[in-house]
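Read the structure below first, then the notes.
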Protein chains: 2
Amino acid sequence: MDTQKYCYEYPRPALTTDCVIFGFDGIEINVLLIERGIAPFKGKWAFPGGFVRMDESTEEGAKRELFEETGIKDVFIEQLYTFSDVQRDPRGRVVTVAYFALVKTSDYQLLAGDDAMKAQWFKLKDVPSLAFDHDLVLRKAHNRLKSKIRYQPIGFELLDAKFTMPQLQLLYESILEIKFDRRNFSNKIMKTGLLIQLDEKVPNVPHRAPRYLMFNKKKYNELQSSGFNFEI
Amino acid sequence: MDTQKYCYEYPRPALTTDCVIFGFDGIEINVLLIERGIAPFKGKWAFPGGFVRMDESTEEGAKRELFEETGIKDVFIEQLYTFSDVQRDPRGRVVTVAYFALVKTSDYQLLAGDDAMKAQWFKLKDVPSLAFDHDLVLRKAHNRLKSKIRYQPIGFELLDAKFTMPQLQLLYESILEIKFDRRNFSNKIMKTGLLIQLDEKVPNVPHRAPRYLMFNKKKYNELQSSGFNFEI
DNA sequence: TTTTCTTTGTGTTATTTTTACACAATGATG
DNA sequence: CATCATTGTGTAAAAATAACACAAAGAAAA
């Protein structure tokens with residue numbers, strides 16, 4: 001039986017999506033990878049992804065694959081770049097539209113890995129050599145995250161609704177790979193007027209407890225439409 | 001005769017590239033468009049573009065189409081975004097990887113328009129409603145250009161090797177849609193240390209003649225590799 | 001109960017960057 | 001030689017950023 005039933009006048013590359021998923025564990029930035037169970041690159045780690053269907057955009061496809069492979073949904077997602085090197089997939093011509101997503105790790109329990117699909121968080125700096133051109137994809141995603149976090153309040157996508165100033169600072173420092181002065185960082189963040197201070201404090205710490213903060217998304221949306229620019 | 005000779009197990013979207021070409025006429029920023037001679041959108045204007053071949057990356061495809069349709073080659077080009085809305089092309093499922101290019105208009109004489117292919121520069125603010133989703137593509141390209149020109153010295157790609165400070169300022173003002181103070185703009189640009197002042201002046205102007213400048217690309221490359229950041 | 005240890009919360013000063021702004025010089029034209 | 005339009009240059013005020021220090025909180029140890 002012939003399975004080659006979709007025919008065209010000219011050859012077409014296959015079209016896939018891949019998704020770089022960033023998470024923050026309270027200390028540093030992590031990336032979610034999936035171990036490939038089949039060739040090519042069997043046993044290597046790669047980003048979740050798959051083929052784009054005819055009735056969905058690439059963004060819809062990326063979201064669908066993200067959910068199917070990790071259970072993650074309704075998170076920040078943004079197109080990163082399209083990788084189209086002729087040789088990037090040994091199986092043939094495959095063009096991939098890569099996305100990157102920011103998730104609150106506490107919202108998702110990774111499925112206990114059956115043999116078919118093993119998913120695991122890696123510290124960004126401990127990510128091993130990846131399948132396909134995913135090393136390049138990751139480098140590009142990290143660069144994008146680095147620049148974007150400075151002029152859009154996307155860092156909060158990686159934190160729980162309630163977080164502390166030290167957590168936020170660790171997040172920025174981990175992504176940007178630089179250190180901030182604790183006082184200047186706090187001043188700058190608070191000066192945006194976008195953080196709500198709660199009275200509640202972190203319990204059971206053997207030192208002065210930091211207060212919880214919340215990001216005021218409503219206020220950000222209001223300010224944004226009147227020409228305000230977030231910047232750290 | 002059956003022309004449907006390329007067959008696959010699963011359906012595949014067609015993959016094209018489109019290229020937004022920006023040019024500067026000395027006064028304001030322009031966009032190069034091509035009038036469609038065939039349906040769909042016959043008579044409407046669109047960006048040059050076409051199908052990606054199996055032996056080329058999308059960037060190579062974009063460059064090839066750019067040259068075939070306008071004669072332009074060896075210019076600044078960068079991937080913009082991939083547009084994949086299911087309905088974006090009435091002929092069927094077509095995903096396009098859009099690029100944007102910056103050209104020195106004086107380097108290219110547009111081919112006298114035969115009936116098959118009419119190319120024309122439009123002032124950015126006078127661009128008519130375009131074919132496909134190219135209005136959206138243009139908006140995205142302009143936004144990218146706006147942000148990129150502030151932190152990468154790409155404005156010089158739009159000017160001749162020799163240019164003047166007033167020209168450079170008009171270029172920035174046209175792209176960013178804001179006005180700069182002439183003195184502050186000049187100070188900021190010169191402080192980068194990337195411009196070479198020539199002794200030559202613009203001839204035959206009925207007022208004090210501005211001096212010619214050149215962008216020091218060599219110095220930029222050196223500085224860049226030692227962690228310098230251009231910023232206007 | 002008091003001391004110790006660690007970390008948070010806050011404010012002031014010095015430095016750097018950005019903005020606002022004015023006047024002399026050039027070059028063709030009448 | 002005066003006129004007109006535009007370039008070249010510098011300084012002062014204002015704003016943003018960077019450097020920096022001390023008091024307060026909270027658990028654990030003495």
Side-chain angles (χ1 to χ4, degrees), chain A residues 26-28 147 149-151 153 159-160 162-174 176-215 223 227-232, chain B residues 26-28 147 149-151 153 159-160 162-174 176-215 223 227-232:
Chain A
I27 308 291
E28 58 191 305
S147 52
I149 202 173
R150 300 208 79 135
Y151 63 88
L159 295 166
D160 293 332
K162 293 192 311 190
F163 53 89
T164 67
M165 188 62 75
Q167 278 176 348
L168 187 63
Q169 184 173 346
L170 281 174
L171 171 58
Y172 270 80
E173 290 180 339
S174 171
L176 295 173
E177 301 175 301
I178 56 174
K179 295 284 178 193
F180 288 97
D181 177 272
R182 186 172 65 83
R183 296 154 289 187
N184 291 340
F185 181 81
S186 171
N187 287 339
K188 213 167 184 179
I189 292 283
M190 294 314 289
K191 209 170 52 182
T192 65
L194 292 173
L195 291 209
I196 300 164
Q197 287 200 335
L198 305 184
D199 290 331
E200 192 183 353
K201 292 174 185 178
V202 174
N204 280 67
V205 285
H207 53 70
R208 183 170 184 173
R211 299 173 67 179
Y212 280 117
L213 304 168
M214 296 188 76
F215 176 62
L223 286 176
F228 160 88
N229 272 323
F230 179 87
E231 201 172 327
I232 298 299
Chain B
I27 308 292
E28 57 191 304
S147 52
I149 201 172
R150 299 208 80 136
Y151 63 87
L159 295 167
D160 292 332
K162 293 192 311 189
F163 54 88
T164 67
M165 188 61 76
Q167 279 175 349
L168 187 63
Q169 184 173 344
L170 281 173
L171 171 59
Y172 270 82
E173 289 180 340
S174 171
L176 294 172
E177 301 175 303
I178 56 174
K179 295 285 178 191
F180 289 98
D181 178 273
R182 186 171 63 84
R183 296 154 290 188
N184 291 340
F185 181 81
S186 171
N187 286 340
K188 214 167 183 177
I189 293 282
M190 295 313 292
K191 208 171 51 183
T192 64
L194 292 174
L195 291 210
I196 300 163
Q197 288 199 332
L198 305 184
D199 290 329
E200 191 185 353
K201 292 175 183 177
V202 174
N204 282 66
V205 285
H207 53 70
R208 181 170 187 171
R211 299 173 68 177
Y212 280 118
L213 304 168
M214 295 188 76
F215 175 62
L223 286 176
F228 159 88
N229 271 325
F230 179 88
E231 200 170 329
I232 298 298

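Bear in mind that the values here come from a model prediction, so they are computed numbers and not experimental data. Below, each value reflects all heavy atoms present in this structure, side chains not excepted, and no hydrogens, waters or symmetry copies. Note on naming: letters A, B, ... go to the chains in the order of the sequence lines (proteins, then strands), and numbering restarts at 1 for each one.
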So the ring pair (Phe, Tyr, Trp, His ring centres under 6.0 Å) pairs with at least one residue in residues 183-210 of chain A (sequence neighbours excluded) are A:Y172-A:F185, A:F180-A:F185
In whole angstroms, the gap separating C1' of D:dA18 from CD1 of A:I178 amounts to 13 Å
Applying side-chain contact (heavy atoms from CB on, under 4.5 Å) to A:K162 and not counting sequence neighbours gives A:L198, A:E200, A:Y212, A:M214
Contacts of A:E177 meeting side-chain contact (heavy atoms from CB on, under 4.5 Å) (sequence neighbours excluded), chain-then-number -> A:H142, A:K146
With sequence neighbours left out, the residues meeting side-chain contact (heavy atoms from CB on, under 4.5 Å) with B:L170 are B:F24, B:E173
By side-chain contact (heavy atoms from CB on, under 4.5 Å), B:R183 pairs with (sequence neighbours left out) B:D181
In 5'-to-3' order, the base (B), backbone-only (S) or no-contact (-) status of each nucleotide in nucleotides 6-18 of chain C, using a 4.0 angstrom heavy-atom cut-off, is BBBBBB-------
D:dG26, OP1 or OP2 - any side-chain N/O from A:K201 closer than 4.0 Å?
yes
